[in-house]
Novice: 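Sharing a structure here in structure tokens format.
Heavy atoms only: backbone and side chains are in, while hydrogens, waters and symmetry mates are out. In what follows, every chain begins at residue 1, and chains take the letters A, B, ... in the order their sequences are listed.
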Number of protein chains: 2
Amino acid sequence: MLTDRELMILKAIVQMYTNDGQPVGSKALVSQLPINVSSATIRNEMATLEGMGLLKKTHSSSGRVPSILGYRYYVDHLLKPDKVQSSDLRRIRASFNQQFQEIGDIVAKSADMLSQLTSYTAFTVKPELKDAKLEGFRLVPLGGHRVMAILVTDNGDVQNRTFTVPRNVDPEAIEAVIRIINDELVGLTLAEVFQKLKTSIPIQIGKYIETPEGFLDVFEDVLKKSATERFYVGGRLNLLDFSKQHDPGSIRSLYQLMNHSSDLADVLGSPDQNIRVQIGNEITNNLLKNYSLITATYDVDQHGKGVIAILGPTSMPYSRMIGLVGAFRTELARRLIDYYHDIDDI
Amino acid sequence: MLTDRELMILKAIVQMYTNDGQPVGSKALVSQLPINVSSATIRNEMATLEGMGLLKKTHSSSGRVPSILGYRYYVDHLLKPDKVQSSDLRRIRASFNQQFQEIGDIVAKSADMLSQLTSYTAFTVKPELKDAKLEGFRLVPLGGHRVMAILVTDNGDVQNRTFTVPRNVDPEAIEAVIRIINDELVGLTLAEVFQKLKTSIPIQIGKYIETPEGFLDVFEDVLKKSATERFYVGGRLNLLDFSKQHDPGSIRSLYQLMNHSSDLADVLGSPDQNIRVQIGNEITNNLLKNYSLITATYDVDQHGKGVIAILGPTSMPYSRMIGLVGAFRTELARRLIDYYHDIDDI
DNA sequence: CTTAGCACTCCGATGTGCTAAGTGCTAAAA
DNA sequence: TTTTAGCACTTAGCACATCGGAGTGCTAAG
């Protein structure tokens with residue numbers, strides 16, 4: 001168990017180090033502490049904290065720096081989330097205070113805002129409704145041989161894609177396909193839709209069109225879009241500032257990671273707690289082992305849950321960041337609830 | 001006027017420097033030249049070339065490096081475009097050899113290919129048809145209060161956007177609006193459409209809807225999308241490799257430039273010649289004054305002209321790059337002509 | 001338990017010497 | 001007149017030494 005003074009020292013070291021990035025020496029530390037002891041005493045304490053694995057040195061005669069464990073302890077026991085600055089809150093609200101036409105726009109904007117407020121890289125994920133249902137499907141002829149397929153799900157998502165119809169397909173056949181899809185699939189959950197697409201639907205469509213695969217591919221494609229295009233990244237460039245690793249190779253891999261939504265899904269996961277802080281090698285993905293990740297869910301009532309996250313250096317000012325993420329998630333949830341209220345039938 | 005030997009030396013220096021990036025000294029140079037002279041002779045020649053401003057030194061006793069003027073001379077008089085490697089040609093064709101659903105996809109893919117082939121950053125611009133005509137306009141109800149607006153132009157461009165209809169608007173009014181737009185605007189050039197949107201249309205629509213501004217904004221928004229979403233960037237990350245300026249500030253500004261299509265339009269311009277090479281400060285934009293830009297148009301017959309470009313270091317291997325850009329532009333043009341052939345009515 | 005004092009360590013800045021690669025110049029050779 | 005060998009000179013880059021400052025651990029006394 002840690003003594004009160006040890007706690008105080010650990011806390012002070014984390015805060016000083018996250019502020020100016022310099023290893024903290026005993027002299028500098030003693031001048032900041034509210035107690036009156038000599039630097040030698042501090043040195044003894046720091047040595048025991050180091051013995052417990054909470055601090056470490058960058059070289060044999062350097063000041064102390066928190067270890068991963070030290071950050072962990074600080075975050076779990078010492079930290080109190082900062083109240084978010086009112087100017088920040090105003091910025092958030094102002095950015096939400098415009099007319100958005102799609103959920104995606106709001107969530108994308110959120111990633112940008114969050115990255116600006118933190119100067120780090122931010123991720124946002126649209127709310128996922130596990131049992132989202134297919135609400136509507138349209139095929140709109142565009143002239144020539146092109147048709148746009150539009151798919152609407154009951155969580156408000158709209159996806160579309162244009163495609164070219166082979167010349168030998170009869171317009172009536174297309175009508176029939178639309179009818180089949182609307183009769184058979186609308187109202188089902190996406191999982192059920194995928195299921196039926198593999199089984200009964202191809203047979204039914206086959207009665208009208210010789211090669212139903214083309215159509216089904218398009219349909220499946222749009223469905224998948226709806227399932228995967230949920231991730232937004234803001235402040236990619238900030239990575240260049242806070243990343244210590246200046247070798248181009250790992251920076252590249254990081255950027256590739258950010259463009260790959262399935263990898264992002266792995267990294268972000270679905271945090272069970274409300275706000276999760278992962279530090280250094282606690283993050284499962286090896287590329288991120290020198291960074292810290294703060295993840296939080298936001299809850300849009302019956303419209304599911306989404307995720308927001310920020311990625312920064314392990315030496316980030318956790319209390320400010322956690323406060324910010326906490327405030328942001330409630331603002332975002334509120335905004336989305338408003339949005340759904342506007343588009344839903346009453 | 002330059003002597004033959006001076007030309008030979010200039011050419012060799014540019015080629016050696018663009019190959020390995022090291023300043024070229026008289027000894028190294030003499031060993032590469034087909035003529036039998038001593039290094040002292042070369043030194044004298046290099047001194048005169050430097051006097052003419054075609055070469056420069058990085059420090060008082062360093063080897064020579066081409067100046068902007070030297071590159072210019074090389075590109076204008078000495079260079080012969082490389083025949084593109086057959087393996088590269090195969091890669092290009094393979095990447096085009098799939099079914100694309102939209103022109104934008106082809107052009108975007110081109111930016112990626114071009115950046116991969118060159119290891120630089122590549123830009124592509126969709127063909128622009130100055131007098132593109134509005135070919136169709138659709139409003140598709142999506143359920144709830146949402147409607148998708150779709151706009152098709154006769155150069156094959158499709159743009160869409162969903163929006164929310166105020167509750168108090170009558171479905172018949174929407175029908176009327178669609179009719180008006182189709183009667184009055186379809187078939188006109190985009191410029192004419194913009195014109196009418198400011199004048200007669202609001203009055204006509206005003207008969208059916210109290211606040212026509214909302215509708216017109218949406219319509220105008222989609223129109224603008226069609227006009228501005230023409231730029232694609234590939235290989236952004238390559239910039240990290242070939243950029244000498246490692247200060248984060250200027251890298252940031254460059255990335256911002258790349259995300260700003262109107263700035264890109266300025267930089268790329270509309271090259272009058274077929275392939276234009278701009279070196280260093282010849283590029284109008286100051287951020288790019290340490291790079292070189294190779295721009296080329298491609299011609300899709302009656303469907304307009306587009307632009308492709310690569311951005312790399314001033315010390316790029318020009319002959320290979322120019323050969324590549326030349327080949328790529330014809331491949332891309334061919335592919336797009338095919339595409340239009342497929343979607344157009346025959 | 002605390003503290004002053006001291007020996008010790010390491011980083012970083014500064015400076016030195018050396019080498020390799022290159023230059024310009026000169027005077028002789030072609 | 002052009003070319004060349006030779007030589008003095010310059011510079012970057014590297015290895016190496018030096019030294020002050022910031023920090024530590026340890027010890028012995030308070």
Novice: Going by atom types only, do A:Tyr318 and A:Ser292 share a side-chain donor-acceptor pair under 3.5 Å?
Specialist: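 Result is yes, a qualifying pair exists.
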Novice: Given atom CD1 of A:Ile13 and atom C1' of D:dT24, what is their separation to the nearest angstrom?
Specialist: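 Those two atoms, CD1 and C1', are 13 Å apart.
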Novice: Check whether any side-chain N or O of A:Ser62 sits under 4.0 Å from OP1 or OP2 of D:dT24, and answer yes or no.
Specialist: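 False: A:Ser62 side-chain N/O out of range (4.0 Å or more) of D:dT24 OP1/OP2.
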Novice: Is the distance from OP1 or OP2 of D:dG25 to the nearest side-chain N or O of A:Arg64 less than 4.0 Å?
Specialist: yes
Novice: To the nearest 0.5 Å, what is the distance between CG on B:Asn238 and CZ on A:Arg252?
Specialist: 4.5 Å
Novice: Would you say the side-chain atoms of B:Thr18 pair up with the backbone N or O of B:Gln15, donor to acceptor, closer than 3.5 Å?
Specialist: yes
Novice: State whether a side-chain donor-acceptor pair under 3.5 Å links B:Arg43 with B:Ser39.
Specialist: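 Indeed, the side chains of B:Arg43 and B:Ser39 share at least one donor-acceptor pair under 3.5 Å.
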Novice: Measure the distance from NZ on A:Lys57 to C1' on D:dA22 and round it to the nearest whole Å.
Specialist: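 Rounding to the nearest Å, NZ of A:Lys57 and C1' of D:dA22 are 13 Å apart.
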Novice: Roughly how far, to the nearest 0.5 Å, is CD1 of A:Ile283 from OG1 of A:Thr314?
Specialist: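 It comes to 9.5 Å.
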Novice: Can you check side chain to side chain donor-acceptor pair (under 3.5 Å) on A:Thr121 and A:Tyr291, steps first, answer last?
Specialist: CA-CA 11 Å; A:Thr121 299; A:Tyr291 302 90; over 6 Å; no
Novice: Report the residue from A:Asp266, A:Val267, A:Leu264 that forms a side-chain contact (heavy atoms from CB on, under 4.5 Å) with A:Asn285.
Specialist: A:Val267
Novice: Calculate the interatomic distance between A:Ile42 atom CD1 and D:dG25 atom C1'; express it in whole Å.
Specialist: 15 Å
Novice: Whole angstroms only, please: what is the OH-P distance between B:Tyr17 and C:dA21?
Specialist: 18 Å
Novice: What class does the angle between the rings of A:Tyr120 and A:Phe242 fall in, given that below 30° is parallel, 30 to 60° is tilted and above 60° is perpendicular?
Specialist: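 If you compare the ring of A:Tyr120 with that of A:Phe242, the planes turn out perpendicular.
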Novice: If a stem is a run of at least 3 consecutive Watson-Crick or G-U pairs, both distances under 3.5 Å, which stems include DNA chain D?
Specialist: C:1-30 with D:1-30
Novice: For nucleotides 2-11 of chain C, give me one character per nucleotide, 5' to 3': B if any protein heavy atom sits under 4.0 Å from the base, S if the only such contacts are to the sugar-phosphate, - if neither.
Specialist: SBBB---BBS
Novice: Take the protein atom CD of A:Glu50 and the nucleotide atom P of D:dT24, then report the distance between them rounded to whole Å.
Specialist: 10 Å
Novice: CE of A:Met16 versus P of D:dA22: gap in Å, rounded?
Specialist: 14 Å
Novice: Under 4.0 Å, counting only non-hydrogen atoms across every strand here, what does B:Lys27 touch: a base, just sugar-phosphate, or nothing?
Specialist: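 Answer is nothing: B:Lys27 stays at 4.0 Å or more from every strand.
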Novice: What's the CG-P distance between A:Leu29 and D:dA22, to the nearest Å?
Specialist: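 In whole Å, D:dA22 P and A:Leu29 CG are 16 Å from each other.
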Novice: Would you give the length of the straight line joining atom OH of B:Tyr232 to atom CG of B:Asp112, rounded to the nearest 0.5 angstrom?
Specialist: 11.5 Å
Novice: Take atom CG of B:Leu55 and atom C1' of C:dG22, then tell me their distance rounded to the nearest Å.
Specialist: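 About 14 Å, once rounded to whole Å.
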